[in-house]
Amino acid sequence: MDTAKNTGISTKKKNLKIILFGRPATKKNGSRIMRRGKATRLLPSEAFVKYENECLWQLKRYQKYKFELPIRIQCIYYLPNKANYPDLVGLMQATADILEKAQVIENDRLIVSWDGTYISLTLDKLNPRVEVIITDMNDVDTPDPYVIKKRAAKMQLGLF
């Protein structure tokens, strides 16, 4: 299995391990309100926009692994300090949105489990990051109509 010292990619048994370097940030903390004429728009925080752009650049090489059926995601977040300490749910939502925007996952509603996700108690000032493991969960039954439709289409094409 590769590590951060070489490529950061591992694809054993339909798993993908990704290490995204940079301080993890949420969309919702520090949101900005933008007004243009009569229209008002809520924008994510500047910290999130910076983090998202860094992640999207790092994720370019992972687009070939695009997950289109149910997945499990496990994330371990390593923060540089306790300043502006984020909430775990916000970090998970930001990670899902970034993975979808980078086209690593087709849709964040395909995530059926976040089992094992946590914020590390160990601070890492020199190397803040998130370690993401995506596991293919095609064999999991789900009542989600979106997933049922995707499976049926793949079966019809003989891809599943």
Side-chain angles (χ1 to χ4, degrees), residues 1-31 41-79 86-120 124 127-160:
M1 179 165 61
D2 295 345
T3 65
K5 291 181 182 169
N6 33 51
T7 68
I9 300 176
S10 173
T11 56
K12 261 187 178 176
K13 289 191 172 186
K14 298 184 182 180
N15 284 347
L16 176 65
K17 182 174 183 178
I18 303 170
I19 300 173
L20 297 173
F21 298 97
R23 181 190 175 91
T26 64
K27 286 176 107 171
K28 302 209 167 49
N29 290 352
S31 294
R41 190 169 174 202
L42 188 63
L43 300 175
S45 67
E46 288 180 24
F48 174 76
V49 171
K50 179 180 180 236
Y51 175 64
E52 179 184 47
N53 288 333
E54 290 171 359
C55 290
L56 291 173
W57 184 82
Q58 295 174 63
L59 287 166
K60 284 181 182 179
R61 64 184 173 158
Y62 295 99
Q63 290 174 339
K64 63 185 172 189
Y65 298 104
K66 187 173 187 177
F67 289 85
E68 298 176 332
L69 289 170
I71 55 173
R72 171 185 175 256
I73 294 186
Q74 177 187 11
C75 296
I76 304 171
Y77 297 93
Y78 294 90
L79 303 174
D87 65 290
L88 181 59
V89 173
L91 288 174
M92 292 180 343
Q93 185 61 55
T95 301
D97 290 344
I98 290 169
L99 289 171
E100 182 177 344
K101 190 170 187 177
Q103 298 179 356
V104 175
I105 61 176
E106 181 180 273
N107 190 320
D108 62 5
R109 83 187 270 180
L110 294 173
I111 303 168
V112 296
S113 172
W114 286 92
D115 193 33
T117 295
Y118 62 94
I119 300 172
S120 176
D124 193 341
N127 193 21
R129 65 195 180 281
V130 58
E131 296 178 1
V132 181
I133 299 172
I134 304 173
T135 305
D136 193 340
M137 301 289 284
N138 288 340
D139 57 344
V140 172
D141 283 332
T142 176
D144 187 340
Y146 176 80
V147 174
I148 292 168
K149 188 176 179 180
K150 291 286 298 176
R151 277 192 178 140
K154 287 199 176 279
M155 289 172 93
Q156 211 170 28
L157 294 172
L159 301 174
F160 187 60

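Everything quoted here is computed from the prediction, not taken from an experiment. Heavy-atom basis, side chains included; hydrogens, waters and symmetry copies ignored. Sequential numbering from 1 along the given sequence is applied to the chain's residues.
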Got [X] and [Y] here, is their nearest side-chain heavy-atom distance under 4.5 Å?
X: Leu59; Y: Leu20; answer: yes
X: Leu79; Y: Ser120; answer: no
X: Tyr62; Y: Val132; answer: no
X: Val104; Y: Ile134; answer: yes
X: Lys64; Y: Lys66; answer: no
X: Tyr78; Y: Pro128; answer: no

Could you state the interatomic distance from [atom1] ([X]) to [atom2] ([Y]), rounded to the nearest 0.5 Å?
X: Glu68; Y: Gln103; atom1: CD; atom2: CD; answer: 10.5 Å
X: Arg72; Y: Thr135; atom1: CZ; atom2: OG1; answer: 5.0 Å
X: Ile73; Y: Trp114; atom1: CD1; atom2: CH2; answer: 4.5 Å
X: Gln58; Y: Ile18; atom1: CD; atom2: CD1; answer: 10.0 Å
X: Leu91; Y: Lys27; atom1: CG; atom2: NZ; answer: 13.0 Å
X: Leu110; Y: Phe67; atom1: CG; atom2: CZ; answer: 11.0 Å

Taking every non-hydrogen atom, the tightest pair across [X] and [Y]:
X: Ala94; Y: Thr26; value: CB-CA, 4.2 Å
X: Glu100; Y: Glu106; value: CG-O, 3.8 Å
X: Ile71; Y: Met137; value: C-CG, 3.6 Å
X: Cys75; Y: Val130; value: CB-CG2, 3.9 Å
X: Phe48; Y: Ala25; value: CD1-O, 3.6 Å
X: Phe21; Y: Asn127; value: CD2-OD1, 3.2 Å

Inset, instruction - Return each pair, listed once, that meets salt bridge (charged side-chain N to carboxylate O under 4.0 Å, His left out) where at least one residue sits in residues 108-117; pairs must be two or more places apart or across chains. - result: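 Salt bridge (charged side-chain N to carboxylate O under 4.0 Å, His left out) check on residues 108-117 returns Arg109-Asp144.
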Inset, instruction - Tell me, please, which residues at least two apart from Leu88 pass side-chain contact (heavy atoms from CB on, under 4.5 Å). - result: Tyr77, Met92, Thr117, Ile119
Legend entry - With sequence neighbours excluded, residues passing side-chain contact (heavy atoms from CB on, under 4.5 Å) with Lys50: Glu54
Inset, instruction - Check each of Asp97, Ile98, Leu99 against Thr95 using the side-chain contact (heavy atoms from CB on, under 4.5 Å) test, and report the only one that passes. - result: Leu99
